[in-house]
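Predicted, not measured: the structure shown is a model, and the values here were computed from it. Numbers here simply count residues along the sequence, with the first being 1.
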Amino acid sequence: MRITLSFLTIAILLYSCSNKNKSSYSNLKALNDSLTFSTDLLKNKNDSLFKILIEKLQNEKTAQNAKIWEPKADLLRYLTKETYNYVEESIGNLKSNSVLNNTDSMYMKLDLYRSSILRIDPEIYKDFDNNSKIITHYFDSVKQVKTERFDTYLSNKSKQEQLFILNQTLNNIRIVENEILMFCNNKIN
């Protein structure tokens with residue numbers, strides 16, 4: 001799923017750079033809507049996974065392990081909700097004000113979220129350190145060279161491109177949450 005989203009991002013950005021017309025705008029809007037729908041589906045799936053964890057707490061065969069992993073999943077959901085709401089609020093501001101003005105603090109928030117969820121448990125860190133991308137791969141590679149800041153990266157994009165990047169970030173948050181919730185569920189026998 002992550003490969004598909006990365007490919008989608010590259011395709012959209014290339015297409016939008018080469019075609020600055022109404023067609024590219026409507027295509028980008030349609031893809032944004034599709035990404036939002038996908039993110040909502042992931043939220044529902046994550047809610048179901050968490051309910052399964054709660055059920056495992058109530059089952060005497062699985063309660064012992066569930067007492068270890070359910071609180072970790074609960075912390076993950078808390079951190080996810082807090083970060084998700086922050087990005088969602090930025091999307092709302094962008095839609096109403098046409099200006100995205102908290103990008104560097106957003107980058108710090110996303111980076112803190114990633115490091116916080118990885119510290120929930122050493123096994124989570126081991127399994128997800130290299131596989132938990134919250135921010136687009138392109139920006140992470142730019143950041144490594146330190147030639148561009150997150151706000152510069154986003155300010156060079158149209159409003160629809162910014163919305164897509166933020167919606168992709170929300171989707172990435174839900175994907176990582178999903179993967180870690182499945183991991184926690186699989187730890188309970």
Q: Would you check if Thr62 and Asn189 make a side-chain contact, meaning some heavy-atom pair closer than 4.5 Å?
A: no

**Q.** All salt bridge (Lys or Arg N to Asp or Glu O under 4.0 Å) counterparts of Lys187, not counting sequence neighbours
**A.** Glu123

**Q.** Leu49 side, atom CG; Ile180 side, atom CD1 - distance, nearest 0.5 Å
**A.** 12.0 Å

Q. Would you call Arg77 and Asn46 a side-chain contact if the rule is heavy atoms closer than 4.5 Å?
A. yes

Q. In Å and rounded to the nearest 0.5 Å, what is the OG1 to CE distance from Thr83 to Met106?
A. 11.0 Å

Q: Mark yes or no for whether Asn65, through its side chain, and Ile188, through its backbone, hold a donor-acceptor pair below 3.5 Å.
A: no

Q: Tell me, please, which residues at least two apart from Phe183 pass ring pair (Phe, Tyr, Trp, His ring centres under 6.0 Å).
A: Trp69, Phe128

Q) For Asp33, what residues pass the salt bridge (Lys or Arg N to Asp or Glu O under 4.0 Å) criterion, not counting sequence neighbours? A) Lys29

Q) Between Glu161 and Ser158, is any pair of side-chain heavy atoms under 4.5 Å apart? A) yes

Q. Between Asn178 and Arg174, is there a donor-acceptor pair closer than 3.5 Å when you use the side chain of the first and the backbone of the second?
A. no

(Q) So does Gly92 get a backbone contact from the side chain of Ser96, meaning a donor-acceptor N/O pair under 3.5 Å? (A) yes

Q. Who pairs with Ser90 by side-chain hydrogen bond (donor to acceptor under 3.5 Å, both in side chains), at least two apart in sequence or on another chain?
A. Asn102

**Q.** Euclidean distance, Leu76 CG relative to Glu179 CD, rounded to 0.5 Å
**A.** 11.0 Å

Q: Kindly write out the residues that satisfy side chain to side chain contact (heavy atoms under 4.5 Å, CB included) with Thr36, not counting sequence neighbours, or none if the list is empty.
A: Asp40, Asn167

Q.
Nearest 0.5 Å, please: how far is CD1 in Ile175 from CD in Gln168?
A. 8.5 Å

**Q.** Asn85: partners by side chain to side chain contact (heavy atoms under 4.5 Å, CB included), with sequence neighbours left out
**A.** Lys81, Glu88

Q.
To the nearest 0.5 Å, what is the distance between CD1 on Ile91 and CG on Asn32?
A. 8.0 Å

Q) Which atom pair, heavy atoms only, marks the closest approach of Ala66 to Pro71? A) O-CD, 3.8 Å

Q: Supply the atom-to-atom distance Leu170 CG to Tyr86 OH, rounded to the nearest 0.5 angstrom.
A: 13.0 Å

Q: Kindly give the heavy-atom pair with the smallest separation between Val176 and Ile117, and that separation in Å.
A: CG1-CD1, 3.4 Å

Name each donor-acceptor pair under 3.5 Å that joins a side chain in residues 50-60 to protein atoms two or more places apart or in another chain, with its distance.
| residue | atom | partner | partner atom | Å |
| --- | --- | --- | --- | --- |
| Lys56 | NZ | Asn185 | O | 2.9 |
| Lys56 | NZ | Asn185 | OD1 | 3.4 |
| Asn59 | OD1 | Lys61 | N | 2.8 |

Q: Could you list the residues that satisfy side-chain hydrogen bond (donor to acceptor under 3.5 Å, both in side chains) with Tyr113, not counting sequence neighbours?
A: Thr80

(Q) Just to verify, what does Asp129 make a salt bridge (Lys or Arg N to Asp or Glu O under 4.0 Å) with, not counting sequence neighbours? (A) Arg114

Q | Any residue meeting side chain to side chain contact (heavy atoms under 4.5 Å, CB included) with Ser115, in chain and number order, not counting sequence neighbours | A | Leu112, Arg119

(Q) Test of understanding: with side chain to side chain contact (heavy atoms under 4.5 Å, CB included), list the residues that count as partners of Glu82, not counting sequence neighbours. (A) Tyr78, Lys109

Q) Between Val87 and Leu166, what is the shortest heavy-atom contact and its length? A) CG1-O, 3.9 Å

Q. Which ILVMFWY residues are connected to Phe37, directly or by a chain of links, through side-chain heavy atoms under 4.5 Å apart?
A. Leu41

